[in-house]
Amino acid sequence: MKEWIANGLQDWDISRDGPYFGFKIPGEDDKYYYVWLDAPIGYFASFVNYARKHDLDIDSFLRSRDANLIHFIGKDITYFHFLFWPAMLMAAGFTQPTKLAVHGFLTINGQKMSKSRGTFLNAGDYIKHLPPECLRYYYAANLANRIGDIDLNPQDFMERVNNELVSNIANFAYRTLKFANQHFDGQLDKSSKFGSEDASRAGIIKEAKEKFSELNLREAVQAILALSDLGNRTFQKHEPWKLVRTDRQKALDVVSWSAGIVKDLAILLSPILPDYSEQLRQQLNLKKLDISELGKPLTGPISKARIVLTPIEQQVLDRLLPCAGKFPLDIRVGRIIKAVHHPAADKLFVLQVDMGEPRQIVTGLRDFYKAEELEGKHALFLANLKPVKLRGRESNGMILTAEVNRKFRVLEVPAAKPGTNVMPKDVEIGREQIDIKEFSRLGVTVKGGKLVLGDAILTLGGAPVAVDAPEGSKVS
RNA sequence: AGCGGGGUAGGGCAGCCAGGAGUGCCCGGUGGGCUCAUAACCCACAGGUCAGUGGUUCAAAUCCACUCCCCGCUACCA
């Protein structure tokens, strides 16, 4: 960012040539508006929609110098929001952003989401399996107020949601409210006070409010957890389930105080978990959750306690990323039936290959093989590569080669039956198409005369594939 | 190659900008407690050459230099 400014700002091209998505430029043939010219205008639309619903004065936000306007964006679109969009707003006389809250990407198991690795998850699929609250909680628990990627590790996701959100927070709310229902018919005593615990409570609430203001959700979640910890600890320490038989008033004090904490939790969680928060509001029998009520006792009778959030089950988690763990490459034996020179290229062959099914594959091996040499060979092919046209001829896959003495040699498997898969033992093959970039990123290599991907040795009919290529050769 | 993020307990992370005893969170491990609650809750314990090397300093996870390793982005896109 500093660098562009230091280098001097230049004009901004706001048109793009087709093929492109977005809006066509009127009067031009194949030109489109650059998407970041018009996309932020959607911010106005959603804000105006929100403002009308909540009876807000639109101009006092969009036309005022005093308004505090924050953009929450991903790190890849920083410059549009840092330079272009404010420039457009400035020119049009609208409020400019006071702050950009920039977040990193969501990675899965430490790596970019990828269809071929089965780690691609979209919101529509997620929602079929789990409530939004779980993911919202996980994001908030990991979002700091600085740029950094968030990793979605499915196991960690499940553990944190189950242990922190469900067992610690939600279970505390339920145990408290249910106890109040059962033993006191939901009637609380608003005068309950606990000296040192009240001090801790006030400290935690202050901390949580500060962290929210700093947009540090991770730390805000830490504070919220500390509050439910305090609740659980206090409840445990006073053992109201025993007191209820010996000192009813004291038991009522403990439960009433704890219910006050539940109310605090409902308020503090409302930006992160609106649905859950709303459920708690109903159970607490409150008209609304107001930030000014934080730290104050809970008044009035409460409604019936209900379980709202339940733990994520392993099976559900497994269904969330059904392709994860599958082997991403569909490598097969193919017999080259015919090899002809590509009519429009010097280096390309067009191959007709029997890979259990007939396929046409275009490959650049003319520097290394003659057509007759290739014909009849049994070799390894990548079958789930995205089809591409090379100089006008469709290629449905790729022949695999390794470099031997500065020459690219195909990986021959003379005795193998066409169509047989090559893969690690005991895995399932993912048939999602991948592009060549992803293939080279995965990095199939030669180790000890065998083909490996990571730690996995690739096998053909149960035995490792023997290849004649130097140690460490990259397969491409 | 350039640019950016990272390497801290068995796993996942904060702490670093503004140096002050390895402080903290979650999981996992071990031992105990409780039985109100969603097999939950509470208490205690174990576990670390803060990637490496060198420097600055009374003092370095934190600042500086170099090295190694991981991840991401990047061209008709400032």
Would you mind telling me which of [options] lies closest to the side-chain atoms of [X]?
X	options	result
A:Gln236	B:C34, B:U38, B:C27	B:C34
A:Glu159	B:C43, B:C27, B:C36	B:C27
A:Asn168	B:G12, B:C27, B:C41	B:C41
A:Leu225	B:C26, B:A14, B:C43	B:C26
A:Glu219	B:C26, B:A14, B:C34	B:A14
A:Arg233	B:C43, B:C41, B:C25	B:C43
A:Ile307	B:C42, B:U38, B:C26	B:U38

Please tell me whether [X] and [Y] have a donor and an acceptor in their side chains that are separated by less than 3.5 angstrom.
X	Y	answer
A:Trp241	A:His183	no
A:Asp198	A:Trp257	yes
A:Gln279	A:Gln283	no

Under 4.0 Å between a side-chain N/O of [X] and OP1 or OP2 of [N], yes or no?
X	N	answer
A:Lys237	B:C43	no
A:Arg218	B:A14	yes
A:Arg175	B:C41	no

Using a cut-off of 4.0 Å on non-hydrogen atoms, how would the nucleic acid contact of [X] be classed: base, sugar-phosphate, or nothing?
X	result
A:Ala170	base
A:Asp229	sugar-phosphate
A:Phe235	base
A:Pro240	nothing
A:Asn232	sugar-phosphate

Notebook entry, point to check: Side chain of A:Lys296, backbone of A:Asp264: donor and acceptor closer than 3.5 Å?
Noted result: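 No, A:Lys296 side chain to A:Asp264 backbone: no donor-acceptor pair under 3.5 Å.
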What interatomic distance, in whole Å, is found between [atom1] of [M] and the corresponding atom of [N]?
N	M	atom1	result
B:A51	B:G22	P	14 Å
B:A78	B:G19	P	40 Å
B:C66	B:C26	P	39 Å
B:A18	B:U74	C1'	34 Å

Note to self: Checking side chain to side chain donor-acceptor pair (under 3.5 Å) between A:Asn168 and each of A:Asn162, A:Asn163, A:Asp229, which is the one that passes?
What the structure shows: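 Checked A:Asn162, A:Asn163, A:Asp229 against A:Asn168; only one passes side chain to side chain donor-acceptor pair (under 3.5 Å): A:Asp229.
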Checklist line | ring centroid sep under 5.5 Å plus plane angle under 30, A:Trp241 with B:C36 | finding: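 Whether judged by distance or by angle, A:Trp241 passes, so it stacks on the base of B:C36.
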Checklist line | Validation row, ring centre A:Tyr138 to ring centre A:Phe157 under 6.0 Å | finding: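 Under 6.0 Å, so yes.
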Check: Taking side chain as C-beta onward, heavy atoms only, is A:Lys263 less than 4.5 Å from A:Leu286?
Finding: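 In contact.
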Checklist line | Consecutive-pair stems (3 or more, Watson-Crick or G-U, under 3.5 Å) for RNA chain B | finding: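 RNA chain B stems, ordered by first number: B:1-7 with B:68-74, B:10-14 with B:23-27, B:29-33 with B:41-45, B:51-55 with B:63-67.
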Margin query: Does A:Tyr137 form a ring-ring contact (aromatic ring centres under 6.0 Å, His included) with A:Tyr276? I'd like the steps, not just the answer.
Written below: CA-CA 11 Å; A:Tyr137 177 81; A:Tyr276 178 60; over 10 Å; no
